[in-house]
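Keep in mind that what you see is a predicted model, and the values were worked out from it rather than measured.
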Amino acid sequence: MELKLYVPDMACSACRDTITAAIQAIDPAATVHADLETKWLQIETTAPEPRVRQVIQRAGYTIKEV
């Protein structure tokens with residue numbers, strides 16, 4: 001499944017790496033593409049969306065509905 005999420009407090013490559021690691025902890029095969037300028041994440045994963053949102057938030061990031 002492909003998810004597209006807006007993460008307004010993702011500011012740098014360290015943020016991207018932290019989010020990627022959190023997602024890959026629940027789905028090692030997941031791919032994460034982060035656009036640091038627009039703050040959008042594009043995630044390809046087999047993990048359920050609520051679980052992906054939960055691990056991103058537990059890593060300290062906000063997901064905003066747009």
Side-chain angles (χ1 to χ4, degrees):
M1 142 183 33
E2 183 175 279
L3 303 173
K4 191 170 182 183
L5 303 173
Y6 181 66
V7 183
D9 47 359
M10 178 177 62
C12 63
S13 61
C15 297
R16 178 197 60 219
D17 294 345
T18 299
I19 291 169
T20 299
I23 294 167
Q24 289 179 338
I26 61 166
D27 178 7
T31 58
V32 180
H33 299 283
D35 186 328
L36 297 176
E37 287 183 30
T38 64
K39 313 295 186 187
W40 281 97
L41 288 174
Q42 190 169 350
I43 306 160
E44 186 67 39
T45 183
T46 57
E49 182 175 352
R51 182 74 175 121
V52 173
R53 288 175 172 269
Q54 182 182 47
V55 298
I56 292 170
Q57 291 169 332
R58 283 192 177 165
Y61 297 92
T62 304
I63 299 168
K64 185 173 180 184
E65 301 303 321
V66 190

message = Closer than 3.5 angstrom, by distance alone: can the side chain of K39 be matched with the main-chain N or O of M10 as a donor-acceptor pair?
response = yes
request  = With Y61 as reference, evaluate L41, V55, L5, I56 under the side chain to side chain contact (heavy atoms under 4.5 Å, CB included) test and give the passing residue.
outcome  = I56
key: Minimum heavy-atom distance A47-D27, with the two atoms named   = N-OD2, 3.9 Å
task = Can you see which heavy atom on L36 is nearest to which on S13, and at what distance?
result = CD1-N, 3.7 Å
To the nearest 0.5 Å, what is the distance between [atom1] on [X] and [atom2] on [Y]?
| X | Y | atom1 | atom2 | result |
| --- | --- | --- | --- | --- |
| H33 | I43 | NE2 | CD1 | 10.5 Å |
| D9 | K64 | CG | NZ | 10.5 Å |
| L3 | E49 | CG | CD | 5.0 Å |
| M1 | T45 | CE | OG1 | 6.5 Å |

message = For Q24, give me all partners under side chain to side chain donor-acceptor pair (under 3.5 Å), at least two apart in sequence or on another chain.
response = none
